[in-house]
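One structure is given here, and the rest of the page talks about it.
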Amino acid sequence: MSIPNIHLYTASTMNGWKPVIFLEEAEVEYELTYIDFGKKEQKSEWYMRLNPNGRIPTIVDRSNHDFVVFESGAILWYLAEKYQKFLPRDERARSQALQWLMFQMSGIGPMMGQAMYFQRIAAPKGHEDPYAINRYVTESQRLLQVLDKQLAGKAYLLGDDFTIVDIATYPWARSYPWAKVSIEGLDNLKAWFDRIDARPATQKAVTIPKPFPAFFGKGDEATAETENASRF
Ligand SMILES: N[C@@H](CCC(=O)N[C@@H](CS)C(=O)NCC(=O)O)C(=O)O
């Protein structure tokens, strides 16, 4: 058996799943090393030599002089260019892809991440902050409304084709139950969720290295909350 070119370091989180979704959808072989937050492996010296930010995900491309890429948006862009998949070729369409990727990386991810942090980690640990929760939940909801508008008349965020923008945005937006953000009335967003919920490769990806159904509003939420909070 040959050694895969792509070595992925990740865990089962919204950012961590992005490269897994790409690799599964593109049917690219990869080696996966699970980074255990419980053991603080993301802050270990060997890992921080790859990722100076001490977070997941990271990839190493063995076919490109062990080139290291960190930051999930940059990883998706690198993989899309390397495998010529899930990124439009036309110059203006590519700029639109970059715009919506930035929108996910700077908006959806951080805002929903903080909504989750204050409700699912800080609150169970006794640090209940209604002002912060309201701020991040409201802002997340506003950002999901922006996505809903963008999706009007489209199958995917950029149009007819599934792209890295969908890959980057789906794990976060689809975790609205975990962030306790309402998607009431956001019918285009719901239809987009249904469309990606029906993609076998993406659905397989969000079980790797292991599933976390509570992010998507399924399974035992209370146990999941305790398990998740104990890692941070
Ligand atoms: N902007 C980074 C964020 C990465 C990030 O925050 N990863 C989280 C998991 S979603 C992490 O590694 N958390 C562990 C920690 O905070 O120590 C990216 O998109 O790659």
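Both counts, for ligands and for their atoms, begin at 1 and track the order of listing. Residue indices begin at 1 and follow the sequence shown. The shown structure was predicted, so the numbers you read here are calculated from the model rather than taken from an experiment.
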- Task: Consider ligand 1: state whether an atom of it lies below 4.0 angstrom from any non-hydrogen atom of P57.
- Result: yes
- In the protein, what heavy atom is nearest to atom 11 (C) of ligand 1, and what distance, to one decimal place, separates them? F37 CZ, 3.7 Å
- Message: Which residue and atom name correspond to the protein heavy atom nearest atom 6 (O) of ligand 1, and how close is it?
- Response: R55 NH1, 2.9 Å
- Message: If you count heavy atoms of other groups shown closer than 6.0 angstrom to NZ of K190, is the number above 12?
- Response: yes
- Sorted by chain and residue number, the ring-ring contact (aromatic ring centres under 6.0 Å, His included) partners of F212 (sequence neighbours excluded) come out as W178, F215
- Please round to the nearest 0.5 Å and tell me the distance separating atom CG of L8 and atom CD of E31. 9.5 Å
- Backbone or side chain, does any N or O of K43 fall under 3.5 Å from an N or O of ligand 1? yes
- Query: How far is atom 3 (C) of ligand 1 from its nearest protein heavy atom, and which residue and atom name does that atom have?
  - Reply: N15 ND2, 3.6 Å
- To which protein heavy atom is atom 10 (S) of ligand 1 closest, and what is the distance rounded to 0.1 Å? T13 OG1, 3.1 Å
- Message: Considering both backbone and side-chain atoms of E71, is one of its nitrogen or oxygen atoms within less than 3.5 Å of a nitrogen or oxygen in ligand 1?
- Response: yes
- Query: Within a strict 4.5 Å, meaning less than it, do heavy atoms of the L32 and P209 side chains meet?
  - Reply: yes
- Is Q84 atom CD crowded by more than 12 heavy atoms from other residues, nucleotides or ligands, each under 6.0 Å away? yes
- Task: Examine Y117 together with Y136 and report whether their ring centres are nearer than 6.0 Å.
- Result: no
- Query: Got a salt bridge between R49 and E45, using NZ or NE/NH1/NH2 to carboxylate O under 4.0 Å?
  - Reply: yes
- Looking only at protein heavy atoms, which one is nearest to atom 7 (N) of ligand 1, and how far off is it? I56 O, 2.9 Å
- Note on the structure: Honestly, for Q42 the part within reach of ligand 1 (heavy atoms, under 4.0 Å) is side chain
- Could you tell me whether E221 and K180 make a salt bridge, using a distance below 4.0 angstrom between a side-chain N and a carboxylate O? no
- Task: Look at ligand 1 and say whether M105 reaches it with a heavy atom at a distance under 4.0 Å.
- Result: yes
- Note on the structure: heavy-atom search around atom 20 (O) of ligand 1 in the protein gives S72 N, 2.8 Å
